[in-house]
Amino acid sequence: MTMTTTATTTSHVSTLSTSNTHSCSNNSSLRMTIQTSLQHVLFLMIVCLVISSSSAFPLNSNNNHHKCISSVHSTTTALYSSSIDPRQLLYQDQQQAMHRRALHEEELLLQSSSKKNNKLQELRAPKSIKVSSVQSGTGFGGGSGIATKKTQQARLAESQAKLLEKDGVLRINQVLQPDTADALRDYVLQQQSVAQQITEDNPLLARTFYGVEQGRKHRCDLQLSLLCGGYAVDDDDTDGSSTTTTHALADALQELLGSKGTLRSIYEELVTLDGELYELAAVVTDPGSDRQIVHPDLPFQYPAPLYVIFLALQDVTPDMGPTSFLLGTHTEEQNRIFNSNTDDKDEQLKNAKCRLATLKKGDAVLFDARILHCGNANQSTKSRGLFNFSFRNPQVTGNLGYEGSIRPGYCEQMTLRDVSQALEEYEKGEANNNNVDPFAKYGSGVL
């Protein structure tokens, strides 16, 4: 294969040299020569990618060489027989290589000790969490002899944080009421439809709606607007009032992060009220979506930089592509193994404690963004919707090495304290039948 590639390269260089001899007298000929040579370079890049991906991501078959030749042939035919953008072909080959690797990883995880009855085990919520007893004289004011008692929620959050530190992921059941989850799912799918219509008319607007999963087949993460009315009011000037009588996103956030929110205490424990809102999105995987490769969301850093929520907006069954989490892989040592050679990584996956996040509607998983995980293929007939948000640890400064799924106008604009205060105003408005948009001052998030 090396000799063939070398010969091809020599032929391309010879062709380019001959073309250049005659191009000085004709600008059009020069442009054609440059275009052709660029196509040659891109073609060789694709060839190298296909060869390396076929060898790096084996399919437990002895026919890899034949498959590699076949893939190169099909790529060559597509490149020279049509006007397809070579960059698109390169992207397609990258996606195919990732898909092969994902299937290989799935086989490895099925060999792991986490398998039970030929199936991976479910990620379960702790049956019971030991809550620390109340001690007088602790906390602020303890030194003066004044007893500061932590609430039951705060002490529960302490225990939850310890479990999260150990495993890297924690399932928390029933954080959102079923009716609220239904309303948010309907809203998310409606927003997805609006985004699809707009981007079909103008693909350049894709970044207005989609985040890190932009361009993936049957999978997207919608960067949500905090305004009542969502994408429909992106271009409107708002004074905080709205003709829309419901605000599904604010209602959900109220249940989760309001003064009595189900996730308020655990986030205060993990990132304090100064933690920055880093992501605000909905991850939607439609039927036919492929399995992801195993990955962490960001490079290893210490302490934990980011804590993420995936909240089920409907029951997530095994055929809907639940997220797989590899327990305990958020550590520096596990990260080192994952970034080493392929053999070590494969052995790591074989020995992993893998758990599937099959969830009931309204259940959530809270995870350390350093943990290894992946979304599975959606082989059902129903879209899987997850509400996704995260808060950043204020102790970690600088670039996290990960672009969160959030509209750019919201970046570095809100902390947990800001979100909580907005939701308190929203709660007061509801009590007074005052239809005020709690996040109006932050706008649509579009820059």
[X] side, atom [atom1]; [Y] side, atom [atom2] - distance, nearest 0.5 Å:
{"X": "Leu270", "Y": "Leu416", "atom1": "CG", "atom2": "CG", "result": "10.5 Å"}
{"X": "Asp344", "Y": "Asn341", "atom1": "CG", "atom2": "CG", "result": "4.0 Å"}
{"X": "Ser444", "Y": "Leu227", "atom1": "OG", "atom2": "CG", "result": "6.0 Å"}
{"X": "Ser225", "Y": "Phe439", "atom1": "OG", "atom2": "CZ", "result": "10.5 Å"}
{"X": "Leu327", "Y": "Cys354", "atom1": "CG", "atom2": "SG", "result": "8.0 Å"}

Where does the angle between the aromatic ring planes of [X] and [Y] fall among parallel (under 30°), tilted (30 to 60°) and perpendicular (over 60°)?
{"X": "Phe310", "Y": "Phe325", "value": "tilted"}
{"X": "His295", "Y": "His373", "value": "tilted"}
{"X": "Phe387", "Y": "Phe389", "value": "tilted"}

If you measure only the distance, is there a donor-acceptor pair under 3.5 Å linking the side chains of [X] and [Y]?
{"X": "Tyr402", "Y": "Glu279", "answer": "yes"}
{"X": "Thr285", "Y": "Arg219", "answer": "no"}
{"X": "Asp437", "Y": "Tyr426", "answer": "no"}
{"X": "Asn376", "Y": "Ser324", "answer": "yes"}

[X] versus [Y]: any side-chain heavy-atom pair under 4.5 Å?
{"X": "Leu108", "Y": "Gln348", "result": "no"}
{"X": "Val365", "Y": "Leu311", "result": "no"}
{"X": "Ser390", "Y": "Ile309", "result": "no"}
{"X": "Tyr210", "Y": "Gln223", "result": "no"}
{"X": "Leu423", "Y": "Glu427", "result": "no"}
{"X": "Leu256", "Y": "Leu176", "result": "yes"}
{"X": "Leu109", "Y": "Leu326", "result": "yes"}
{"X": "Val396", "Y": "Pro303", "result": "yes"}

Within the side chain of [X], is there an N or O that forms a donor-acceptor pair under 3.5 Å with the backbone of [Y]?
{"X": "Asn393", "Y": "Ala304", "value": "yes"}
{"X": "Thr151", "Y": "Ala154", "value": "yes"}
{"X": "Asn351", "Y": "Glu347", "value": "yes"}
{"X": "Gln191", "Y": "Tyr231", "value": "yes"}
{"X": "His330", "Y": "Asn335", "value": "no"}
{"X": "Gln292", "Y": "Gly375", "value": "yes"}
{"X": "Thr208", "Y": "Leu205", "value": "yes"}
{"X": "Asp418", "Y": "Thr415", "value": "yes"}
{"X": "Arg384", "Y": "Asn378", "value": "no"}
{"X": "Arg264", "Y": "Gly258", "value": "yes"}

So, are [X] and [Y] salt-bridged, with charged N and O less than 4.0 Å apart?
{"X": "Asp315", "Y": "Lys382", "result": "no"}
{"X": "Asp274", "Y": "Arg392", "result": "no"}
{"X": "Asp363", "Y": "Arg171", "result": "yes"}
{"X": "Glu165", "Y": "Lys162", "result": "no"}
{"X": "Glu105", "Y": "Lys350", "result": "no"}
{"X": "Glu403", "Y": "Arg207", "result": "yes"}
{"X": "Arg355", "Y": "Asp167", "result": "no"}
{"X": "Arg336", "Y": "Glu333", "result": "yes"}

task = Begin from the C-alpha positions of Asp286 and Ser383 and carry the test side chain to side chain donor-acceptor pair (under 3.5 Å) through to its verdict.
result = CA-CA 4 Å; Asp286 294 320; Ser383 294; 2.5 Å; yes
For this session: Might you work through the side-chain contact (heavy atoms from CB on, under 4.5 Å) test for Leu226 and Leu249, ending with a clear yes or no?
Result: CA-CA 7 Å; Leu226 282 166; Leu249 182 55; 4.0 Å; yes
Heavy-atom closest pair, residues [X] and [Y]:
{"X": "Ile266", "Y": "Ala157", "result": "CD1-O, 3.5 Å"}
{"X": "Leu356", "Y": "Pro322", "result": "CD2-CG, 4.1 Å"}
{"X": "Val316", "Y": "Ala357", "result": "CG1-O, 4.0 Å"}
{"X": "Gly275", "Y": "Phe391", "result": "O-CD2, 3.5 Å"}
{"X": "Ala369", "Y": "Val308", "result": "CB-CG2, 4.0 Å"}
{"X": "Pro126", "Y": "Leu163", "result": "CG-CD1, 3.6 Å"}

TODO: Please test Phe367 against Tyr307 for ring pair (Phe, Tyr, Trp, His ring centres under 6.0 Å), starting from the C-alpha separation and ending with a verdict.
DONE: CA-CA 6 Å; Phe367 63 96; Tyr307 293 98; 9.6 Å; no
Q: Can you establish whether the number of heavy atoms outside Gln174 located under 6.0 Å from its atom CD is more than 12?
A: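 No, the 6.0 Å shell around CD holds no more than 12 heavy atoms from other groups.
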### Message
Tell me whether the count of non-hydrogen atoms from other residues, nucleotides or ligands lying under 6.0 Å of CD in Glu122 goes above 12.
### Response
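Yes.
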Would you sort out whether Glu106 and Arg101 count as a salt bridge (charged side-chain N to carboxylate O under 4.0 Å, His left out), showing the intermediate values?
CA-CA 9 Å; Glu106 184 175 28; Arg101 175 62 191 178; over 6 Å; no
Could you walk me through whether Gln413 and Leu277 pass the side-chain contact (heavy atoms from CB on, under 4.5 Å) test, one step at a time? CA-CA 8 Å; Gln413 296 300 307; Leu277 178 65; over 6 Å; no
Stepwise side-chain contact (heavy atoms from CB on, under 4.5 Å) test for Gln152 and Leu156: CA-CA 6 Å; Gln152 179 76 5; Leu156 174 61; 5.6 Å; no
With side chain to side chain donor-acceptor pair (under 3.5 Å) as the criterion, how do Gln177 and Glu255 come out once you've worked through the C-alpha distance, each side chain's angles and the decisive distance to 0.1 Å? CA-CA 8 Å; Gln177 294 294 324; Glu255 285 189 24; 5.0 Å; no
* To do: List the steps and the verdict of salt bridge (charged side-chain N to carboxylate O under 4.0 Å, His left out) for Asp368 and Lys166.
  => CA-CA 10 Å; Asp368 181 330; Lys166 173 179 174 288; over 6 Å; no
Practice problem: Take Val271 and Gln395 through the test side-chain contact (heavy atoms from CB on, under 4.5 Å) and record every step on the way to the result. | Solution: CA-CA 8 Å; Val271 302; Gln395 296 180 37; over 6 Å; no
